[in-house]
Structures are given as structure tokens and as C-alpha cells.
Amino acid sequence: MLEKKYDFKEKEKKWQEYWQENNIYKFNENCKKPIFSIDTPPPTVNGKIHIGHIFSYSQAEFIARFKRMTGYNVFYPFGFDDNGLPTELLVEKEKNLKAYTVSREEFSKMCLETVDKYEKEFKDLFISVGNSADWSLMYHTVSPECQKASQLSFLDLYKKNKVYYDNAPALWCTKCHTAIAQSELESEEKSSTFNYLKFYLENSNDYIEIATTRPELLCACDCIFVNPKDEKRQSLIGKKVRVPLYNYYVPILSDDKVDMEKGTGIVMCCTFGDQTDTQWYKKYKLELKIAIDDYGYMTDIAGKYKGLKIKAAREQIIEDLKAQDLLIKQDPIKHQVSVHERCGTEMEIKLKKQWFIKTLENKDKWLELGDKINWHPNFMKSRYVDWVQNLMMDWCISRQKYFGVPFPVWYCKDCGEIIVADENDLPVNPLTSKPKHKCPKCGGTNYEPEKDILDTWATSSITPQINTRWNISDEFYKKMMPMTLRPNAHDIIRTWDFYTIVKSYYHSNIIPWQNVMISGFIMASQGEKISKRKGNANTDPIKLISTYSADVIRYWTATGSLGRDIIFNEDKFKIGARLVNKLYNASKFVWLFIENYAPKENTKLKQIDKWILSKFAEMQKKFINYFEKYEVGLAMNELESFFWNFCDNYIELVKVRLYNPEIYGNEAKESAQYACFYCLFEMLKMFGIYLPHITEEIYQNTYKTLIGALSLHQLQLDAPKVKEDKGLNTNGDEVCQIVSQVRGFKTDNKISLKTKLEKIIISSPNIEFIKQCESDIKDATSALEIIYEKAEKTSTQIQGIIEETN
RNA sequence: GGGAGCAUAGCUCAGUUGGUUAGAGCACCUGCCUUACAAGCAGGGGGUCAUAAGUUCGAGUCUUAUUGUUCCCACCA
């Protein structure tokens with residue numbers, strides 16, 4: 001029996017605990033069913049869990065539930081990404097300190113404490129939204145096991161010569177003072193100024209004009225470039241010019257990378273202002289001049305500007321240029337600049353010894369592998385392709401940070417040889433341990449440990465390997481790889497998806513997963529990004545769950561279609577709440593009539609009952625088709641509209657027959673019972689994907705005694721009891737239309753829907769079918785008599801309103 | 001500059017391979033206590049499907065162009 005009202009606050013928690021206690025979602029390794037495995041994104045532990053997480057994770061979770069009930073053994077682990085820069089930034093903010101002001105050990109301890117706290121919160125939140133991951137498979141990337149896997153990955157690449165240590169230009173964040181990778185850049189439109197400067201020719205009073213946005217780099221100027229095709233400037237090539245303020249001379253060279261249309265068509269090359277400078281630096285073997293230090297201050301070579309921050313130096317230099325009549329004019333411009341995604345600081349380029357993973361040399365391979373993976377929706381693949389085609393640099397994986405996975409590497413102090421750890425000793429921290437052997441090159445025993453840590457993506461890019469026990473169980477790894485599905489939002493295609501493909505290829509020459517499912521973003525009204533700063537959306541997940549319930553939040557995450565951003569709109573929660581309520585009430589009602597009923601397969605079905613079963617078959621087919629395309633929202637639309645049709649039309653047509661077997665006979669009742677039993681049961685299973693709590697509550701109090709399974713969520717979808725019959729569907733829909741017309745008549749005449757009618761005249765091309773439903777139509781319309789007329793179109797006339805005399 | 005998505009009712013969105021009169025919910029209006037549900041039910045108004053041309057017997061759906069919008073990538077001299 002179902003209680004009169006459903007209290008989600010009490011019940012949701014109850015069932016969440018029940019699922020955990022009974023291991024309802026636990027992966028069974030020995031099960032023979034085909035495996036469906038999900039490489040769940042380990043959320044970055046950076047303190048903020050937002051509604052976007054809930055949205056994206058729920059969409060993947062629906063797939064897990066769907067696959068469980070359609071014959072798969074679902075492997076659904078969960079992890080947390082809790083090492084590296086994001087964690088450091090969180091801790092620095094929370095503790096209000098800078099990592100370098102305390103010891104490395106002390107800082108790591110703080111980091112561990114902080115991630116522990118947040119991981120508990122994250123896990124609780126995901127459980128409280130009904131996530132059905134197998135929590136016994138949980139991992140976190142800073143754990144010794146993951147560190148070991150990450151270091152193994154590094155050593156494997158090292159052996160395969162896919163990683164190298166080089167003094168190459170790398171992107172640098174002066175605020176986070178670490179190297180970063182191309183994928184960590186974001187572009188931001190910023191206002192700047194083109195400064196037109198006078199560069200005097202050697203031994204001459206003539207000057208050339210050069211436009212620059214970065215005059216603070218004058219001290220790092222190596223040479224000037226013009227385009228070799230630039231006829232006006234041919235005579236300049238080979239001459240020298242004097243660098244303003246610094247008064248040293250640099251040569252004028254030519255290179256076809258110079259854009260004759262931009263600025264003045266003449267470029268100064270500094271080490272380094274941008275990517276082009278690094279190319280020229282290599283090509284022309286230019287002198288390295290470092291104007292900016294690791295923290296963003298001007299260096300010695302800046303002369304009097306030494307010690308100033310970049311922007312302060314720029315302002316000062318412009319003043320001085322003006323004073324010395326070296327500044328011709330200034331044009332304000334707006335341009336896109338690359339900034340570090342985590343802090344918004346403008347990117348610099350620094351030359352330092354860093355570790356790189358080779359990505360540039362296999363672009364064709366990356367594209368080929370991308371083609372072998374099914375992208376859902378397909379158009380999202382273009383983001384991957386764009387990214388691969390435009391890669392500029394190998395993947396820099398060294399980070400000059402403290403909290404993360406260390407490189408298993410030392411350097412020989414005597415000869416500089418790189419010494420890597422033995423695989424059997426992993427995980428190692430080179431700061432606290434030493435190689436077991438002498439330097440293989442010179443026999444030395446003095447080692448310098450590698451102090452840097454690995455890019456956090458270097459670890460999170462092996463989540464398929466971590467999940468499938470790479471190097472722990474070959475058997476499991478071989479059985480599970482490639483995984484079936486990688487779900488993530490579109491912002492991390494270029495990082496998580498790309499890097500994971502790279503690593504899987506290098507390690508095992510395979511694709512990491514067969515399918516990628518890309519979800520959209522949650523936007524505030526007017527399509528703005530949700531931002532705490534703007535306060536443009538009230539989207540705290542915990543608050544939303546306590547206001548609306550987890551089921552309603554989940555319902556909302558299923559609206560919309562895959563890959564598309566959706567606008568956060570609380571109206572959708574109201575609809576979800578209405579659905580949950582209706583589902584409960586409809587179940588209560590149906591159960592009144594099937595509580596002591598066991599379906600008989602030879603039940604003789606009346607037309608309307610056959611009709612609803614056929615409509616169900618139609619809906620189920622669409623539902624499954626959408627799920628095969630990972631369109632969880634469109635699948636739900638189908639289910640939802642079937643459900644409302646079931647309530648508003650079907651139940652209304654059969655309820656009198658169910659209530660009164662003494663009038664209509666047991667056979668008529670049993671026919672409706674059969675359809676009700678089956679439809680409700682299957683709908684509960686299907687709604688269970690989206691609304692696992694309310695459906696479990698209903699199942700536990702109804703079908704469980706007959707079915708026996710511990711949980712609704714262990715059940716399989718059944719094949720339809722009646723085959724989809726298009727003609728039957730149309731005919732039944734017409735019956736609904738007739739009933740609806742009668743209701744319309746009553747509403748128009750402002751009379752109650754239960755008011756009796758003397759006579760209705762039905763005109764239709766399908767009189768034969770409608771006649772077969774006569775008693776149901778009479779009951780649903782309270783008509784005493786029905787007269788039929790053959791006609792082209794369906795229409796209904798009503799005669800004789802019978803007034804009730806109380 | 002290159003690429004992708006989107007544009008359907010006041011709002012948020014559906015609309016499968018082209019096929020009667022373009023749908024839903026919210027909002028708005030009207031009515032109804034009906035042996036599941038008033039947190040409910042029944043009904044109503046409201047759309048030149050961004051614009052233009054084309055293919056077709058037939059276009060919201062396919063093609064091309066245009067406009068608007070969002071995103072990705074490149075451009076940082």
C-alpha cells in the first residue's frame with residue numbers, strides 16, 4: 001500500500017541508504033552479461049561544485065541506468081581529481097597563504113586535509129542526487145595507487161621515447177609561476193595600444209616606424225623583420241637600427257611570416273613576445289634575452305625598469321619614449337590575448353628545461369583515432385579535430401608546483417644524465433628517496449631530484465587505465481579496454497578527451513573508449529555564463545535539492561538535447577515536481593485495482609486496453625532508439641507524453657469498468673487490470689532512470705511482493721505485450737478525441753464533467769472501431785446513449801444535458 | 001579570418017527518414033470539488049516556423065545565400 005502523501009525529504013534519503021546497503025549498483029565481475037563501462041569524469045576538487053556538474057553527470061548516469069535495465073553489466077566507477085594546480089589554488093585561497101611561504105611537506109598536508117573535506121562533500125552530494133556509481137570503485141588521483149599509475153605512464157612513455165626533457169620555449173604563467181600547456185590557455189578580449197616607435201637607422205637621421213603593443217620588451221629585442229616581398233622595404237634588409245631607449249643596434253632581416261598589412265609592416269622580434277618570436281628564435285638562432293622573470297618582474301636587462309611589474313614598466317617606458325620624442329603615435333586597439341584559464345593572467349613564454357610529451361608528430365594519428373570513436377552528438381567531433389589540427393606545441397607536463405604526482409626522475413650531478421626510477425619502486429618521491437643504482441653513464445652517485453610535479457592532466461588522462469587496472473591485472477585490462485563510454489562537457493574535449501586518446505595510443509595502441517557523450521553547459525538567462533560574481537542565477541545544488549527533491553533536479557537535467565547548452569529556468573522544476581506528484585497519484589490509483597491481481601497471459605483484451613499497450617510499444621521503441629543515440633532528454637519526452645496520455649485518457653476511459661465488475665463483468669475488469677499492471681510496471685522502470693527515488697518508493701510498496709527483486713533498479717525492461725499497431729493507435733486516438741470533444745462541450749457550457757448527457761452523436765469514418773469501445777466512451781463521457789453516423793471527418797454532437805437534482 | 005551549433009507561441013523547448021489543420025509545458029483567460037490527484041482536472045486565445053531564393057505534387061524539415069546569436073579555433077608584431 002502506498003501512503004497518502006509522498007515526503008521526498010524522508011524517502012530519498014531512505015532509498016539512497018538502502019541502495020548503498022544492498023549494493024544495488026555494484027559491478028559484478030563474474031557476471032556473464034555484456035559489459036558496459038563508463039569512464040566517469042573525476043571532478044576537479046577546487047571547492048566549487050555547481051549545477052553544471054549535476055547536469056552533466058546526471059546525463060551520463062541515465063545511460064548507466066538504462067544499460068542496466070537492458071541487459072548490460074554496467075561498470076560505473078567514480079573518481080576525484082585532487083592534485084596539482086587547482087588544488088593548490090584552492091588551498092592558498094582557503095588558508096590565505098602562498099605555497100612557497102611554508103615547507104613543501106606542510107603545504108602538502110594542508111592540501112590533503114582540504115581535498116579530504118571536499119571529496120566527502122562531493123561524494124555526499126552525488127549520492128544525494130541519486131547517482132548510481134559503484135562507490136566501491138572510487139579512486140582519487142593523488143592516492144598512492146594513482147600516483148603509481150601516473151608514474152608508470154611516464155616511464156612507459158620515457159621508454160618509448162614519447163616524452164623528452166628539453167630547454168624549449170614553454171608557456172608560462174607569472175602569477176602561478178609555472179609552465180602551462182597550450183590547452184590551459186583561454187583567450188580574452190583586452191584593450192591595448194599600438195605604440196608607433198622610431199627606430200633610427202645606423203649612422204643616419206632617418207628612422208623606421210614599428211608598431212608594438214609591448215614596448216617593455218625593447219630590451220629583449222633581437223632583430224627587426226620585414227617581408228621579403230615587401231618592395232618598399234627591400235633596401236632596409238641587412239641594415240641595422242638603434243633600439244629606442246636602449247640604444248643598441250639590431251639587424252633588419254626578412255621573413256615571410258611578416259604580415260605587410262599589420263601595424264607598419266615591420267616587426268620587432270623579442271625573446272619572447274609571442275609564438276612567432278619563438279619560431280624565429282629557433283630558425284635564426286637568435287640570442288636569448290630574458291626581460292621578464294618567473295614572477296612577472298622586469299630583469300636586469302631592463303635597466304632602470306628592473307623590478308617593475310610588466311604593466312608598470314610598460315607605462316614608464318611609454319612616458320620615457322614620449323619624453324625622448326621616440327613615440328610617434330598611439331592607437332588604441334582591442335585584441336584577443338591568451339590568458340591562463342585558472343587565473344586570467346596574460347601568458348608569457350619562457351625558456352626553461354621542461355618535460356614534454358610528443359603530440360605534434362602524430363597529428364594524423366590523433367585524427368584517425370578520433371574517427372574511430374563515436375561522438376555523440378557527432379558535431380562535437382569538430383572541436384576535437386580543430387584542436388588537433390591547430391596544435392602548436394608539444395604537451396608540456398612539468399609544473400613548477402608542489403602538490404601533485406612527482407616525476408620519478410633524478411639527474412646525475414656529475415654528468416647530467418637522466419635517471420628514472422625502477423618500475424617496482426613506484427610510487428616514488430625523488431625528493432625523499434634516491435636511485436638504487438649508480439649513474440649508468442659516469443658511475444656517479446650524486447643526484448639532483450626533479451622537483452617539479454606532473455601536470456594534473458597527465459594523471460587524469462589515464463582514468464581508463466586506472467579504472468581497468470592497467471599493470472595491475474592484465475586480464476581485467478584486456479577484458480575492459482577500450483571502455484564503452486566517456487561522458488563529459490564540451491569544455492574539456494581538448495584536454496581530457498585529447499590527452500586520454502594520446503596516452504591510450506602510446507601505452508597500448510588502442511582507443512580508450514568506443515563512445516564519447518558530450519553534454520552542454522548551464523547558462524543563466526539571456527544565455528550568459530552562470531557566474532557567482534554576477535549573481536545571475538540561484539543555482540546552489542544543495543539548496544535546489546532540498547527545495548525541489550533530487551528526482552526533480554534529475555528531471556530537469558534530462559530536459560533538452562545532447563551537447564546543447566540549456567538555460568537555467570526554475571519553471572522546469574515545477575514541471576518535474578508536477579510529474580513526480582502525478583506519478584505517485586496515478587500509481588496509487590492503479591494499485592487500487594491490481595493489488596491482489598496476478599497477470600494472466602491469455603487475458604482477452606478489450607480494444608482500448610489493446611490500444612494503450614500498442615501505444616506503449618510505440619513509445620518504448622522510440623525511447624530505446626533515443627537512448628541508443630544517447631539522447632536521454634528526448635527519450636524522456638516520449639515517456640512523459642505517453643504517461644500523461646495514460647492518465648488523462650486511458651484511465652478515464654477504463655476507470656468505471658475497473659470500479660464496477662458487477663456491472664461490466666470480470667473479464668472487462670481483468671482486461672484493464674492487465675494493461676494497467678503492465679503499463680505502470682514498465683513506466684516505473686523507465687521513469688526509474690530519471691526519478692529513481694519516487695519509483696523505488698512505489699515499487700517497494702506495490703510490485704515488490706509479487707516480483708521479489710530487492711530494488712526496482714535491478715529489473716530489466718520487458719518486451720511489449722502487444723505489438724505496435726499503427727491502425728489501432730490511430731483508432732484509439734480518435735476515441736480520445738471524441739471524449740475530449742465531449743469534455744469541451746461541458747466546459748463550454750460551464751457544467752461539471754460528471755454531468756450526464758442524454759445522447760451523443762458520433763460522426764466518424766471508423767464507426768466500427770468506435771462501436772467496440774462504446775461502454776468505455778459512455779463511462780468517460782457520462783452519456784446514456786450513443787448514435788453513430790458514418791462521415792468523412794470525426795465530429796461529435798451532444799444533446800440533452802441532464803441536470804442532477806442533488 | 002576558419003569552423004560548429006542555434007533561430008518554431010510572451011517564456012523555455014519538442015517536431016525522427018519531407019506528407020493532412022505546426023505541438024508541449026509555463027504564463028495568460030474561462031470553467032469544473034469528478035469514488036487517484038485542487039500541489040488537481042477540463043477547455044480557450046496566442047505562431048508568415050529569422051529572411052530570400054531553389055529542389056519537390058508537397059518544405060518547420062532538404063539545398064544555397066543573407067541576417068542575428070552562442071561557442072570552438074586562429075590572429076596577439
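In this text the structure is predicted, and so the values were computed from the model without any measurement. Labels below follow one simple rule: chain letters A, B, ... track the order of the sequence lines, proteins then strands, and each chain is numbered from 1.
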Side chain of [X] only, please: which of [options] is the nearest?
| X | options | answer |
| --- | --- | --- |
| A:Arg494 | B:U34, B:G40, B:C73 | B:C73 |
| A:Asn585 | B:A74, B:A42, B:C37 | B:C37 |
| A:Arg383 | B:C13, B:A4, B:C71 | B:C71 |
| A:Met392 | B:A42, B:C76, B:C75 | B:C75 |
| A:Arg743 | B:C73, B:C75, B:G43 | B:G43 |
| A:Trp387 | B:C73, B:C76, B:U16 | B:C73 |

With pairs defined as Watson-Crick or G-U wobble and both distances under 3.5 angstrom, please note down RNA chain B as a dot-bracket string, | for pairing with another strand. (((((((..((((.....[...)))).(((((.......))))).....(((((..]....))))))))))))....
Is the terminal nitrogen or CZ of A:Lys582 (NZ for Lys, CZ for Arg) located under 6.0 angstrom from the six-membered ring centre of A:Phe643 and within 45° of that ring's axis?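 No.
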For A:Trp644, does the six-membered ring have the charged nitrogen or CZ of A:Arg578 within the cation-pi criterion, i.e. under 6.0 angstrom from the centroid and within 45° of the normal?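 Satisfied, under 6.0 Å and within 45°.
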What residues in residues 624-645 of chain A put a non-hydrogen atom under 4.0 Å from any atom of RNA chain B?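 Result for residues 624-645 of chain A: A:Leu634, A:Asn637, A:Trp644, sorted by number.
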So if I take residues 586-595 of chain A and measure heavy-atom distances to RNA chain B, which residues fall below 4.0 Å?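 Those residues whose heavy atoms fall under 4.0 Å from RNA chain B, taken from residues 586-595 of chain A in numerical order, are A:Ala586, A:Lys588, A:Phe589.
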Which sits closer to the 5' end of RNA chain B, A:Asn649 or A:Asn581, going by the nucleotide each is nearest to?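 Its nearest nucleotide lies further toward 5', so the answer is A:Asn581.
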Taking the same atom, C1', in B:A59 and in B:A53, what whole-Å distance lies between them?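 Pairwise C1' distance, B:A59 against B:A53, rounds to 13 Å.
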Taking the C1' atom of each, how far is B:G40 from B:U67, in whole Å?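 Nearest-Å result for B:G40 against B:U67 at atom C1': 46 Å.
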Measure all distances between protein nitrogen or oxygen atoms and nitrogen or oxygen atoms of nucleotides 22-25 of chain B, and list the pairs falling under 3.5 Å.
| unit_1 | atom_1 | unit_2 | atom_2 | d |
| --- | --- | --- | --- | --- |
| B:G25 | O3' | A:Arg578 | NH1 | 3.3 |

For [Y], is there an ion pair with [X] - N to carboxylate O distance below 4.0 angstrom?
| X | Y | result |
| --- | --- | --- |
| A:Lys229 | A:Asp256 | no |
| A:Asp371 | A:Lys381 | yes |
| A:Lys283 | A:Asp255 | yes |
| A:Lys622 | A:Glu724 | no |

If only side-chain N and O atoms of [X] are considered, is one of them under 4.0 Å from the OP1 or OP2 phosphate oxygen of [N]?
| X | N | result |
| --- | --- | --- |
| A:Gln336 | B:C72 | no |
| A:Thr559 | B:U12 | no |
| A:Arg564 | B:A4 | no |
| A:Ser752 | B:C33 | no |

Do the side chain of A:Lys582 and the base of B:C37 come within less than 3.5 angstrom through a donor-acceptor pair of N or O atoms?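 Side chain to base: pair present.
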Residue list, salt bridge (Lys or Arg N to Asp or Glu O under 4.0 Å) with A:Lys778, at least two apart or on another chain: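 Counting only residues at least two positions away or on another chain, A:Lys778 forms a salt bridge (Lys or Arg N to Asp or Glu O under 4.0 Å) with A:Glu774.
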My understanding is that only residues two or more places apart in sequence, or in another chain, count here; which of them pass salt bridge (Lys or Arg N to Asp or Glu O under 4.0 Å) with A:Asp259?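 Counting only residues at least two positions away or on another chain, A:Asp259 forms no salt bridge (Lys or Arg N to Asp or Glu O under 4.0 Å).
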In terms of heavy-atom contacts, does NZ of A:Lys621 have more than 12 from other residues, nucleotides or ligands at under 6.0 Å?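 Not buried by this count: 12 neighbours or fewer within 6.0 Å.
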State the SG-NZ distance between A:Cys173 and A:Lys350, to the nearest 0.5 angstrom.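 That separation rounds to 12.5 Å.
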